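So the structure is just underneath, and the comments pick up after that.
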Amino acid sequence: MRSESLIWLAVGAVLVFLFAPVVIVILYAFSAAPIPAWPIAGFALHWFRDTWNDDQVRAALLLSLEVAVMATAMAMVLGTLAAMAVARMQSATKEVVSFVVLLPIALPGILTGMALAAYFAYLNVNLSYWTIVAGHATFCVVIVYNNVIARLRRLPRSLVEASADLGADAFHTFRRVQLPMMASSIGAGALLAFALSFDEVIVTTFTAGAQNTLPLWIFGAIRLGQQLPEVNVVVFAVILFTVVPVMLSQKLIGDAGRAAR
Amino acid sequence: MAPAPIVELQGVVKSYGAAVALKRLDLLVRAGEFFTLLGPSGSGKTTTLRLIAGFERPDTGRILLDGADVADLAPHLRHVNTVFQDYALFPHLTLVENVAYGLRARKMPKAQAHDEAEKALAAVKLDAFAGRKPAQLSGGQRQRVALARAMVNKPRVLLLDEPLGALDLKLRHQMQAELKKLQHDTGITFIYVTHDQDEALSMSDRIAVFSHGEIEQVGTPFELYERPASAFVADFVGSSNLWDSMLLRPEKVRLLAPAAPVPAGFEARPGVVREAVYLGAVTRFGVMLADGRALSVMEANTAPRAERLRLVPGDEVLALWPVEACVRISNNNEGEV
């Protein structure tokens, strides 16, 4: 019993260490003082209004959403197709291709960012919305791919054969059997990809040019020590935009798991 | 005149990498037959079925369906349907959508397809479950949906890959009878894969016995059982006493008292019971003959109320069988066994 309570103590300590800073930042968003300080000087909501009325923050929010939506959409198409292709490969080829597909998520973001920046410069491509999207797509594709291939591994091959046997061509089989069977895993992957894209900093710094996404705006504001109350509000928003999709994604995976049983 | 050939395999070879699944197969199935591919796992029977369905392509050889070579034709263009071993029902579709799938894939209007599907479900007594998903059914019910889903397309040939393998014994026997009746009533050619010799004997018009990627013998259940072409067939279809190239089925032997008279046309050997196993309907005896050969005997338990075994180990007996019951196996290749 004693060792068990020690374990729970350790678990509690780790959780506090991980989440206390996040909670404090959220509390600061409601602080009346213009500078984050402990104890909190008083309760106020006006930072939310001020932040919402800040054109820079709005532009950054809009850009972050646009990038996340586009990168996720690309990832849904490319990740799903890649998973379907790899799923039908023979073992030796499969391992090589699967490794190459997974590589972007293993590479440090700073490498991916530098390489992309160098590549865009070499091709004389100006940094823009689309270069940010391309940067984010590198890891978003992997997330969707991973979710979908896990599903395909559990799907019996005979379902596709049964469809063909019943007279369906490849497109009909894709539309009526494979896509519905993959849908929840594509959705779960897309939500995770969206969350990752929304709070990405490192790759974005190399591919963004003059534009700011929300995390880049935070980064800039903190470095300059300005608008710190607004930073707390924005951080709160970013947390919501990442945590909610991740939770939905978990639920989607859980539901699909139950339905499969 | 024999009915026309409907499926024909000519010189079909199939290998997976270095492993040869089919060595050089020739097979002819006639229209309206209940034809069974029987053999142990890995003998090539399922590969043969998959070649006919189109899931595999032969390395060489021709596959004729109604006289046309379909070896390179995709599965969805062949007018055959398959009942899969795992049923392969679409889990996200209701039963009626599952059964209508083939009709919809061939562009039948939705209302009409669902109408036909409901009729097919009624034929397997599952119309009350039309709106359910496969996960809500028992194994036996899923099996019947798989059957309805294939049959609704009125295939030229129905391919069945160990369709009863996952069912318990009682349900198996019931489904065997239902399948046989369905085949008889519709006249559709069935090609049935199984490793169960009882199933093969009880249902088939003709059986092809597979071993190591080759067909050992094709024949009616009678021919296979009474006149097996090889030691392998004799041993795989039923149990057997094999002495050199002579076969004696255990149920053709009777065990009498040692001094019993031997009627004309019978052969008799003295021996001692070594083993007696009561199996309910029958008792299996192991007898050591005086000349040193082991003899297996199967005896029906015909006594109206038996309380104990008629013979026990140690009893001396006279084993008796009709001379013509002991048959020579025509092309003995015992090395294969």
Side-chain angles (χ1 to χ4, degrees), chain A residues 76 80 83-85 87-96 147-190 251-261, chain B residues 16-17 46 49-50 52-56 73-94 97-108 110 113 117 133-136 142 145-146 148-163:
Chain A
M76 285 168 81
T80 303
M84 290 180 72
R88 48 190 292 181
M89 286 176 183
Q90 302 298 317
S91 54
T93 336
K94 194 179 200 159
E95 272 164 40
V96 174
N147 265 275
V148 175
I149 197 126
R151 171 68 50 85
L152 290 177
R153 231 177 265 133
R154 292 209 313 264
L155 271 190
R157 195 190 162 76
S158 60
L159 289 181
V160 171
E161 287 181 350
S163 176
D165 188 73
L166 291 165
D169 58 23
F171 181 73
H172 191 99
T173 302
F174 174 73
R175 177 75 192 75
R176 299 289 168 195
V177 177
Q178 289 167 299
L179 198 55
M181 305 291 315
M182 293 185 297
S184 65
S185 64
I186 297 174
K251 184 167 157 41
L252 212 51
I253 291 171
D255 288 351
R258 267 191 297 284
R261 253 178 268 130
Chain B
Y16 301 96
T46 295
L49 200 75
R50 293 175 60 81
I52 300 170
F55 304 138
E56 311 279 352
L73 204 61
H76 71 275
L77 300 173
R78 302 186 186 192
H79 208 68
V80 301
N81 286 115
T82 306
V83 176
F84 291 82
Q85 187 168 14
D86 63 358
Y87 314 141
L89 300 178
F90 304 121
H92 59 296
L93 300 181
T94 62
E97 287 166 342
N98 260 285
V99 176
Y101 190 92
L103 303 171
R104 295 285 291 139
R106 294 201 164 95
K107 310 278 179 261
M108 185 186 278
K110 189 169 180 177
K133 298 271 177 77
Q136 294 166 280
R142 284 182 213 184
V145 177
R149 186 178 69 175
M151 289 295 284
V152 76
N153 304 293
K154 302 190 171 64
R156 291 288 289 150
V157 180
L158 185 71
L159 308 172
L160 302 104
D161 186 8
E162 309 229 7

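A note on names: the letters A, B, ... follow the listed sequences, proteins ahead of strands, and every chain is numbered from 1. The shown structure was predicted, so the numbers you read here are calculated from the model rather than taken from an experiment. Computed from heavy atoms alone, side chains included, the values below leave out hydrogens, waters and symmetry copies.
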- line: For Ala168(A) and His76(B) the tightest heavy-atom approach is O-CB, 3.2 Å
- request: First locate atom NE2 of His172(A), then atom NZ of Lys107(B), and finally report the distance between them rounded to the nearest 0.5 Å.
  value: 6.5 Å
Heavy-atom closest contact (Ser158(A) atom, Phe84(B) atom, distance): CB-CD2, 4.0 Å
query: If you count heavy-atom pairs under 4.5 Å between each of Gly102(B), Ala150(B), Ala53(B) and chain A, which one has the most?
result: Gly102(B)
field: For Phe55(B) against Glu161(A), the heavy-atom pair lying closest together
entry: CE2-O, 3.5 Å
field: Heavy-atom pair of closest approach, residues His92(B) and Pro180(A)
entry: CD2-CB, 3.4 Å
message: Using a 6.0 Å cut-off, check whether atom NZ of Lys154(B) has over 12 heavy atoms from anything other than its own residue.
response: no
query: Which heavy atom in Ala162(A) sits nearest to a heavy atom in Arg149(B), and how many Å separate them?
result: CB-NH2, 3.6 Å
Rounded distance (nearest 0.5 Å) linking atom OH of Tyr101(B) with atom CG of Asp165(A): 11.0 Å
message: Is it the case that atom OH in Tyr16(B) sees more than 12 heavy atoms from other parts of the structure closer than 6.0 Å?
response: yes
message: Is Asn81(B) close to chain A through its backbone or its side chain, or both, or neither, when contacts mean heavy atoms under 4.5 Å?
response: both
- prompt: Which answer fits Leu89(B), side chain, backbone, both or neither, if we ask what part of it has an atom under 4.5 Å from a heavy atom of chain A?
  reply: backbone
- request: Would you indicate whether Arg157(A), at its atom CZ, is surrounded by more than 12 heavy atoms from other residues, nucleotides or ligands within a distance under 6.0 Å?
  value: no
- prompt: Considering all heavy atoms of both residues, which atom of Ala105(B) and which atom of Leu166(A) are nearest to each other, and what is their separation?
  reply: CB-O, 3.9 Å
